[in-house]
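These notes are about the structure you will find just below.
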Amino acid sequence: MTPAFLSGLNEPQLEAVTLPRQSSLILAGAGSGKTRVLTTRIAWLIQTGQASPLGLLAVTFTNKAAKEMLMRISAMLPINTRGMWVGTFHGLCNRMLRTHYRDAGLPQLFQILDSQDQLALIKRLMKQLNIDDERYPPRQAQWFINTAKDEGKRAKDVDPYDEFSRRMAEFYAAYDMQCQREGVVDFAELLLRSYELLARNEVLRDHYRARFRHILVDEFQDTNRLQYRWLQQLGGEESCIFAVGDDDQSIYAFRGASSANMQDLQKDFHIEKVIKLEQNYRSHGHILDAANALIRHNHRRLGKNLWTSEGKGEPLRVYEAATDLEEAAFVVEEVKALRNDGIALGNMAVLYRSNAQSRVLEHALFNASVPYRVYGGLRFFERQEVKHALAYLRLVAQSGDDGALLRVINFPARGIGARSLEQVQTVARERGISLWGAACANTLSGKAAASIGAFVGLIEKMREATQGLPLPETIEHVIEHSGLRSHYQNEKEGADRLENLSELVNAASAFVAENEVLIVGDVPEVQSDTPVAMQAGAEYTADVPANTDNKSDMLVTFLAHAALEAGEHQALAGADALQLMTVHSAKGLEFHAVFISGMEEGLFPHENSLTEADGIEEERRLMYVALTRARRRLYLSLAQSRMLHGQTRYNIASRFFTEIPEILLKRINARPRYQDSSVRSTGTASALSTAGPGPDMPWRIGQSVMHAKFGSGVIVSAEGRGTEARVQVNFRDAGLKWLMLEYAKLAPVA
DNA sequence: TACCTCCACGTTTTT
DNA sequence: CGTGGAGGTA
């Protein structure tokens, strides 16, 4: 009897899903049903009794992907997915560390720092240690520490190859100590700590290895070294790993992802079977042909060619605008036309390489009254007012985290200035305790004693008053009694902030509703720091440490949730809106129509990528991701001139155009560029018109030209007249050059 | 303490 | 061009 959920799978998909007990790598092209294969595999393993729901581990990168997976599993099988180890790397590590906090050397109520919090801590610590933040910028220190952790390195393992890295490594050590003092853990630390826990504790490692006979990994090409090693710890001789990924869609090398892990995986896990999913269910043929042709320019690929059983569809539409404004106007017009043809705005997306490009587009869309939604930017739990409320909650939860205290000790203002704070900090430093501990100590003098004492009293009163209250009411109480509410009521721009604060209460209600069963229900004992208990075969299914009362459980879990899942980028605007986002954030999505804007050298591929090792290849993969987002219609647009960083830049067409067969492209504005009479730039144009070869072919700024020796370029400025006339050309390969028009045999390129 | 002005900076980003 | 941070002044 075949389970219903297997029907409709194609041959390689079915093979992957029903693969007998062994480790395997699934090379899943864009739009090939990757998520479906992964979730159906889980359903199949459970249905056929090869794995119990608690005996498998499925790991993703984003919360969205994890949720999607759980949803699909429950749609296929009548099981309760709660308690299953399905989640993000960070989420699962958090769960593991909460369960084994003592073995991991952490306080039971450790707090998670998001990147903002981490940076704040670094700045604070640098000041305290008198480190020159000019020579050692906090951002670089943050990068240094995170990169080291992502490679599995502690401060002592870092190779101090020069003075700078020596100082950085020193600071790294101090930073880790400070985190330990405060009982806080940054994102990379969740991974590293969890990895070290498994690496050092054989009993624990064996326990998890025996439990997780099946490990499934999504987006495997995005794993970094540490994540890979974490998986190695969890996968024993008896475990099978089922890794799904696409080396052609590896676009996060810049943050440590290494698709070399795909090669290593085959060796380390003795993989014999690599299954390729190449049938694409998303795009029409021309779009796939373009994507395949483009990505063939990359080397060292595992090799894959997408195909579809659907028709070729339309060619790719190419539009070359004179300016970024004109490009935006074009996008607006096409979007309106498509909408009139009945395509929902939400089914169209405008993609760009960098966020800075969105402004012009937003402007044009706003003026044309086309609803749009921009992805990226500030997320819910990162908002100032929300972070303030969370900081109060951390203090109420008895966290020793200095960041929380500093954030709110004088917000809303209650007369605690630098001087008072200084006293607290001195006490904390002298005794090696947290700021909260120091604030509670009765050793302060003068004005500080009173104001600090009042603050401590405030927090303690809130703690008492919320004892036994459900989480949403606790938050409500804290917002009210901390003075946050009245503060924002008096602020002229405070309405939105107040709304976000009530949204926080709502979020807590939803969170409680989702997690109540877990907390109240029959949760097995989780005090698992004793290996003996584990050898006895205890199962760990709980998400949270067993604690004295449910509310404080819930509060701590909620705080972790807030850090790990920063929430939607923007509150769902509900209404149908055009989607604007970077190519990176478009990964995994698909749209009926896609606009890829800014198809220019320097922008896409980005100029900074040219100096990086394999930078161009990563840009090309990014382009590949962009192309494969489109189902039916794809636009590629560029602008000859563009305002960037306050000045006009002239770019030539992206090299990626030359990597897509011309036959797949349809140039929409076929008219030669020099006849285009729209927006023209700069006063030097007059010099050009007299110097040019004739009125029907004037040299002008922004003109693409070809030079016998230097190749292709764009005119960026000009001076002089007649035989004196010179132009400055930005050549793709040769860079900026001044050329005498009389001698340089420049040929215009349409 | 709040506001304002000046200056530096400017890929991609999840957790 | 636009923003965000820092530092100075009322």
Side-chain angles (χ1 to χ4, degrees), chain A residues 59-66 87-94 112-120 123 127 133-134 137-139 142-143 146 149-150 185-192 194 218-219 222-224 226-227 250-257 324-325 351-360 362-363 375-379 381-382 384 410-419 491-492 560-567 569 581-588 598 602-612 615 618-619 621-623 625-626 642-649:
Chain A
V59 57
T60 63
F61 279 87
T62 64
N63 291 298
K64 201 173 144 200
T88 63
F89 278 101
H90 298 267
L92 296 175
C93 287
N94 175 49
I112 300 169
L113 301 183
D114 65 20
S115 340
Q116 280 179 36
D117 300 336
Q118 184 190 31
L119 186 63
K123 284 182 179 168
K127 200 163 278 174
D133 60 359
E134 299 270 289
R139 289 203 164 275
Q142 185 178 30
W143 182 87
N146 290 340
K149 288 190 178 182
D150 284 346
V185 162
D186 62 52
F187 286 138
E189 183 72 20
L190 285 171
L191 258 305
L192 183 52
S194 174
D218 190 19
E219 304 275 20
D222 288 337
T223 51
N224 64 31
L226 180 56
Q227 286 159 340
S250 160
I251 55 174
Y252 288 109
F254 72 92
R255 64 178 198 216
D324 48 351
L325 295 170
L351 310 184
Y352 34 79
R353 175 67 237 271
S354 63
N355 283 308
Q357 287 166 252
S358 75
R359 206 185 317 118
V360 186
E362 287 185 64
H363 202 79
Y375 285 73
L378 211 54
R379 306 169 84 194
F381 287 110
E382 291 167 358
Q384 192 217 118
N410 199 33
F411 191 95
R414 44 176 76 89
I416 300 178
R419 314 166 295 291
E491 205 181 65
K492 41 192 183 306
H561 165 83
L564 289 174
E565 191 171 346
H569 273 299
M581 65 189 86
T582 63
V583 180
H584 280 94
S585 33
K587 189 162 84 151
L603 258 187
F604 200 2
H606 197 277
E607 53 198 353
N608 294 1
S609 72
L610 303 180
T611 55
E612 285 159 22
E618 175 131 327
E619 296 290 306
R621 289 192 293 269
L622 202 46
M623 183 65 194
V625 168
R642 173 181 302 277
M643 194 67 140
L644 203 65
H645 305 330
Q647 54 186 358
T648 310
R649 298 199 357 170

Using a 90° cut-off around 0 for syn, call B:dT12 syn or anti.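 This nucleotide is in anti.
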How long is the span from the CG atom in A:D218 to the CZ atom in A:F61, to the nearest 0.5 Å?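 A:D218 CG to A:F61 CZ: 8.5 Å, rounded to 0.5 Å.
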Would you give the length of the straight line joining atom NE2 of A:H90 to atom CD of A:Q227, rounded to the nearest 0.5 angstrom?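 It is 5.5 Å, given to the nearest 0.5 Å.
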Determine whether a donor-acceptor pair (one donor, one acceptor, N or O, separation below 3.5 Å) exists between the side chain of A:S115 and the base of B:dT15.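 Flag set: donor-acceptor pair detected.
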Taking the minimum atom-to-atom distance to the side chain of [X], which one of [options] wins?
X	options	answer
A:F187	B:dT12, B:dT14, B:dT15	B:dT15
A:Y252	B:dT13, B:dT15, B:dG10	B:dT13
A:S354	B:dT15, B:dT11, B:dT13	B:dT11
A:N608	B:dT11, C:dC1, B:dT14	B:dT11
A:R353	C:dA6, B:dT12, B:dT14	B:dT12
A:R379	B:dA2, B:dT15, B:dT11	B:dT15

Starting at [atom1] of [X] and ending at [atom2] of [N], how long is that distance when rounded to a whole Å?
X	N	atom1	atom2	value
A:R139	B:dT12	CZ	P	12 Å
A:Q384	C:dG4	CD	P	12 Å
A:W143	B:dT13	CH2	P	18 Å
A:R649	B:dT11	CZ	P	10 Å
A:E134	C:dG7	CD	C1'	13 Å
A:E382	B:dT15	CD	C1'	10 Å
A:L603	B:dG10	CG	C1'	12 Å
A:H90	B:dT13	NE2	P	16 Å

Between B:dT13 and C:dG4 - P atom distance, rounded Å: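 It works out to 16 Å between them.
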Quick check against the 3.5 Å criterion: does A:R621 have a side-chain atom that pairs as donor or acceptor with the backbone of A:S250?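 Here the side-chain-to-backbone pair exists.
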Can A:F254 be called stacked on B:dT13 when the rule is centres closer than 5.5 Å and an angle between planes below 30°?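 Per 5.5 Å and 30° rule: no stacking.
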For A:H584 and B:dT12, say yes or no: do the ring centres fall under 5.5 Å of each other while the ring planes differ by less than 30°?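 Stacking between A:H584 and B:dT12: absent.
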Check whether any side-chain nitrogen or oxygen of [X] sits under 4.0 Å from OP1 or OP2 of [N], and answer yes or no.
X	N	value
A:N355	B:dT13	yes
A:N63	B:dT15	yes
A:R359	C:dT3	no
A:N410	B:dT1	yes

For A:A356 and for A:A563, find the nucleotide of DNA chain B with the closest heavy atom, then tell me which residue's nucleotide is more 5'.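 It is A:A356 whose nearest nucleotide is closer to the 5' end.
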So [X], base contact, sugar-phosphate only, or nothing? Heavy-atom distance under 4.0 Å.
X	result
A:D150	nothing
A:E612	base
A:G256	nothing
A:E619	base
A:F89	nothing
A:D114	nothing

Parallel, tilted or perpendicular: which describes the rings of A:H561 and A:F381, with under 30° parallel and over 60° perpendicular?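 A:H561 vs A:F381 ring planes: perpendicular.
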Quick one: do A:R379 and A:D114 make a salt bridge, cutoff under 4.0 Å?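 Here A:R379 does not pair with A:D114 in a salt bridge, since their nearest N and O are not under 4.0 Å apart.
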Does the pair A:R359/A:E362 count as a salt bridge with the N-to-O cut at 4.0 Å?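 Here A:R359 does not pair with A:E362 in a salt bridge, since their nearest N and O are not under 4.0 Å apart.
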Between A:S354 and A:Q357, is any side-chain donor less than 3.5 angstrom from a side-chain acceptor?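 A pair is found: one side chain offers a donor N or O, the other an acceptor, under 3.5 Å apart.
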